[in-house]
Colleague: 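Dumping the structure here so I can ask a few things about it.
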Amino acid sequence: MLKEEIRAELDREPFVPLRVYLDSGQHYDIPIRRAAHILSVGLLVFIGMTEGGIRADGYDRFPFERVARIEHRRFNRRHPKKAS
């Protein structure tokens with residue numbers, strides 16, 4: 001996938017959560033804009049970032065050529081249930 005296409009998805013206003021699929025079948029969820037960054041030769045994805053969080057569980061990076069497709073996603077935000 002082209003760098004410009006990926007950049008357009010990350011710059012979209014308002015941001016829409018994404019799932020990036022690689023040519024290997026592996027996928028990465030990008031629930032918030034700052035969970036992914038464009039590098040000169042690829043994409044850097046922070047794994048496990050959440051809204052309001054400042055830490056990630058890890059990261060991965062891969063060249064743009066390995067991105068097979070991107071899907072818009074709606075990730076479930078877990079809210080604590082109110083006590084009855």
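Note that these values count all heavy atoms, side chains included, but never hydrogens, waters or copies made by symmetry. The structure presented is a predicted model; accordingly, all values stated were derived computationally and were not measured.
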Colleague: Just distance, no hydrogens or angles: give the donor-acceptor pairs under 3.5 Å from side chains in residues 33-47, sequence neighbours left out.
Modeller:
{"residue": "R33", "atom": "NH1", "partner": "L10", "partner atom": "O", "Å": "2.4"}
{"residue": "R33", "atom": "NH1", "partner": "R12", "partner atom": "O", "Å": "3.3"}
{"residue": "R33", "atom": "NH2", "partner": "R12", "partner atom": "O", "Å": "3.3"}
{"residue": "R33", "atom": "NH2", "partner": "E13", "partner atom": "OE2", "Å": "3.1"}
{"residue": "R34", "atom": "NH2", "partner": "G53", "partner atom": "O", "Å": "2.2"}
{"residue": "H37", "atom": "NE2", "partner": "R34", "partner atom": "O", "Å": "3.3"}

Colleague: When rounded to the nearest 0.5 angstrom, what distance separates CD in E65 from CG in L22?
Modeller: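 Answer rounded to 0.5 Å: 12.0 Å.
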
Colleague: Kindly compute the distance separating NE2 (H72) from CD1 (I30), expressed to the nearest 0.5 Å.
Modeller: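 Here the rounded value is 10.5 Å.
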
Colleague: Among Y21, F62, Y59, which residue meets the ring pair (Phe, Tyr, Trp, His ring centres under 6.0 Å) test with Y28?
Modeller: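 Of all the options given, the one that passes is F62.
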
Colleague: What is the minimum heavy-atom distance between P31 and P17, and which atoms define it?
Modeller: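 Closest approach of P31 to P17: O-CG, 3.8 Å.
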
Colleague: Residues in salt bridge (charged side-chain N to carboxylate O under 4.0 Å, His left out) with D60, at least two apart?
Modeller: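 With neighbours one apart ignored, the set is empty.
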
Colleague: Taking all atoms of both residues into account, what is the closest heavy-atom pair of R73 and L18, and its distance?
Modeller: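 In this case the closest contact between R73 and L18 is CG-C, 3.8 Å.
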
